[in-house]
K.L.:
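Have a look at the structure that comes next, please.
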Amino acid sequence: MKGKQENLAINKKNGYKFLIADDHEIIRSGLQQILSSAFPTAYIEMVNDAEGVIRKTVSEKWSVVISDLSMPGRSGLEVAEYIKKNFPETPVLILSIYPEDHYAIRALRAGASGYLNKNIATDELVNAVTRVLQGRKYISPEIAENLLQNLDGETIKAPHEQLSNRELHVFKMIAVGQSVSEIAEHLSLSINTVSTYKARILKKMNLKTVADLTIYAIENHFIL
């Protein structure tokens with residue numbers, strides 16, 4: 001009941017502007033329909049990649065940016081970092097099909113205001129957006145517990161947690177079989193830069209070959 005009252009109260013205000021970023025048209029349309037139903041006076045615009053998000057945030061002010069984690073070009077984590085640095089008043093809500101334990105804490109550290117798994121987006125999107133509009137964070141109880149556990153500094157980090165957000169993005173691309181040249185073109189980087197990332201990733205994760213990296217990605221559900 002309280003959640004419904006909050007939604008009704010917050011929807012009385014006009015002028016909300018939501019930017020949805022996802023490279024799948026069906027998902028963009030579905031998110032738009034959910035938001036339009038809950039916030040009928042809101043203006044909603046959609047883009048299909050990270051560069052589109054950055055262009056829109058430079059030229060316009062948004063109430064909430066709702067970004068997919070994996071998109072062409074920069075990742076959603078890098079989008080969150082960019083917006084936090086350049087437009088700190090603009091909240092970012094990250095959506096992803098990947099498990100929360102892989103990315104939620106990383107997303108919050110990157111500057112996002114929340115992390116929502118796409119599997120529950122139909123039920124939780126309005127609640128998540130409402131919390132973010134109120135200046136609050138949106139995370140699941142499980143992630144809240146993980147955050148508390150990490151406060152003692154004694155938690156042993158998994159190998160992939162040693163990677164930066166950009167390295168993690170490259171790691172996933174290598175794991176699914178993309179070549180160095182393909183990754184370089186996709187991310188607008190030089191081949192030498194991507195090769196350096198590749199070597200650094202293997203070293204940080206204490207892996208010897210790309211095959212080892214792929215097996216790790218499969219076992220840890222980075223490849224779905």
Side-chain angles (χ1 to χ4, degrees), residues 2-84 86-100 102-104 106-108 110-140 143 169 172 186 224:
K2 182 180 179 182
K4 290 183 179 179
Q5 290 175 340
E6 288 177 345
N7 290 345
L8 289 173
I10 205 167
N11 197 34
K12 289 180 180 179
K13 300 179 181 178
N14 294 319
Y16 289 129
K17 292 177 64 178
F18 301 131
L19 179 62
I20 299 171
D22 197 291
D23 57 334
H24 295 94
E25 184 177 356
I26 293 177
I27 293 177
R28 292 198 304 270
S29 298
L31 296 174
Q32 181 188 36
Q33 289 176 9
I34 294 171
L35 291 175
S36 295
S37 177
F39 305 94
T41 62
Y43 171 76
I44 302 172
E45 193 161 340
M46 300 181 287
V47 294
N48 61 8
D49 60 15
E51 297 308 316
V53 177
I54 290 171
R55 285 196 302 270
K56 290 295 182 181
T57 52
V58 168
S59 61
E60 301 178 57
K61 185 175 180 179
W62 300 93
S63 303
V64 182
V65 173
I66 302 160
S67 176
D68 185 19
L69 180 71
S70 300
M71 297 182 291
R74 304 189 215 191
S75 70
L77 295 178
E78 291 174 292
V79 166
E81 287 178 330
Y82 176 87
I83 293 176
K84 181 66 174 179
N86 296 281
F87 307 97
E89 74 285 355
T90 302
V92 178
L93 178 65
I94 297 292
L95 269 67
S96 176
I97 60 173
Y98 294 99
E100 288 182 317
H102 285 348
Y103 288 105
R106 188 180 285 263
L108 294 175
S113 294
Y115 184 95
L116 178 63
N117 193 290
K118 287 183 178 179
N119 291 330
I120 61 171
T122 301
D123 298 321
E124 280 293 302
L125 180 62
V126 174
N127 181 34
V129 169
T130 298
R131 288 181 66 88
V132 169
L133 284 169
Q134 295 170 339
R136 302 157 69 189
K137 302 290 186 183
Y138 177 87
I139 54 174
S140 69
I143 295 305
H169 192 33
K172 286 170 53 184
H186 188 79
L224 302 178

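All residue numbers in this chain count up from 1 along the given sequence.
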K.L.:
What closest approach, in Å, do Lys56 and Trp62 show between heavy atoms, and which atom pair accounts for it?
P.N.:
O-NE1, 3.1 Å
K.L.:
I'd like to know whether Val65 forms a side chain to side chain contact (heavy atoms under 4.5 Å, CB included) with Leu93, so could you lay out the CA-CA distance, the side-chain angles of the two residues, the decisive distance to 0.1 Å, and finally the verdict.
P.N.:
CA-CA 6 Å; Val65 173; Leu93 178 65; over 6 Å; no
K.L.:
So, for Ala107 and Leu77, which heavy atoms are closest and what is the spacing to 0.1 Å?
P.N.:
CA-CD2, 3.5 Å
K.L.:
Work out which heavy atom in Val126 is nearest to a heavy atom in Ala38; give both atom names and the distance.
P.N.:
CG2-CB, 3.5 Å
K.L.:
Can Val79 and Met71 be said to form a side chain to side chain contact (heavy atoms under 4.5 Å, CB included), step by step?
P.N.:
CA-CA 10 Å; Val79 166; Met71 297 182 291; 4.3 Å; yes
K.L.:
Could you state the interatomic distance from OH (Tyr138) to CG (Leu125), rounded to the nearest 0.5 Å?
P.N.:
9.0 Å
K.L.:
Are more than 12 heavy atoms, taken from residues, nucleotides or ligands other than Lys137, located less than 6.0 Å from that residue's NZ atom?
P.N.:
yes
K.L.:
Throw together a table of side-chain donor-acceptor distances under 3.5 angstrom for residues 46-54, partners on residues two or more places apart or in other chains.
P.N.:
| unit_1 | atom_1 | unit_2 | atom_2 | d |
| --- | --- | --- | --- | --- |
| Asp49 | OD1 | Gly52 | N | 2.8 |
| Glu51 | OE2 | Arg74 | NE | 3.1 |

K.L.:
What's the separation between atom CD in Glu78 and atom CG in Leu69, rounded to the nearest 0.5 Å?
P.N.:
10.0 Å
K.L.:
OG/Ser113 to CD1/Ile139 distance, rounded to the nearest 0.5 angstrom?
P.N.:
11.5 Å
K.L.:
How many angstroms lie between CD1 in Ile97 and CG in Asn119, if you round to the nearest 0.5 Å?
P.N.:
8.0 Å
K.L.:
Begin from the C-alpha positions of Tyr43 and Phe18 and carry the test ring-ring contact (aromatic ring centres under 6.0 Å, His included) through to its verdict.
P.N.:
CA-CA 6 Å; Tyr43 171 76; Phe18 301 131; 9.8 Å; no
K.L.:
Sequence neighbours left out, what passes side-chain hydrogen bond (donor to acceptor under 3.5 Å, both in side chains) with Ser96? Give chain and number order.
P.N.:
Tyr115
K.L.:
Hey, does the Lys NZ or Arg CZ of Lys172 hover above the aromatic six-ring of Tyr98, less than 6.0 Å from the centre and inside 45° of the axis?
P.N.:
yes
K.L.:
Quick check: do Lys17 and Lys61 have side-chain heavy atoms less than 4.5 Å from each other?
P.N.:
no
K.L.:
Hey, what do you get for CD1 (Ile44) to CZ (Phe39), rounding to the nearest 0.5 Å?
P.N.:
9.0 Å
K.L.:
Please give me the minimum heavy-atom distance between Thr57 and Phe87, naming the atom from each residue.
P.N.:
O-CZ, 3.4 Å
K.L.:
Under a 4.0 Å N-O cut-off, is there an ion pair linking Asp68 with Arg28?
P.N.:
no
K.L.:
Using a 4.5 Å cut-off on heavy atoms from C-beta on, say whether the side chain of Leu19 contacts that of Ile66.
P.N.:
no
K.L.:
From Leu116 CG over to Arg131 CZ, what is the distance, rounded to the nearest 0.5 angstrom?
P.N.:
12.0 Å
K.L.:
Compare every heavy atom of Ser63 with every heavy atom of Pro91, then report the nearest pair and how far apart it is.
P.N.:
CG-O, 3.0 Å
K.L.:
Please examine the side chains of Ile27 and Leu95, heavy atoms only from C-beta on, and report whether any two atoms are closer than 4.5 Å.
P.N.:
no
K.L.:
Is the count of non-hydrogen atoms from other residues, nucleotides or ligands lying under 6.0 Å from Glu25 atom CD greater than 12?
P.N.:
no
K.L.:
Would you check, one step at a time, whether the test side chain to side chain contact (heavy atoms under 4.5 Å, CB included) holds for Glu45 with Ile20?
P.N.:
CA-CA 6 Å; Glu45 193 161 340; Ile20 299 171; over 6 Å; no
K.L.:
Pair Val58, Tyr82 - check side chain to side chain contact (heavy atoms under 4.5 Å, CB included), show working.
P.N.:
CA-CA 11 Å; Val58 168; Tyr82 176 87; 3.5 Å; yes
K.L.:
Could you report the tightest heavy-atom contact between Gly76 and Ile94, atom names first, then the distance?
P.N.:
O-CD1, 3.5 Å
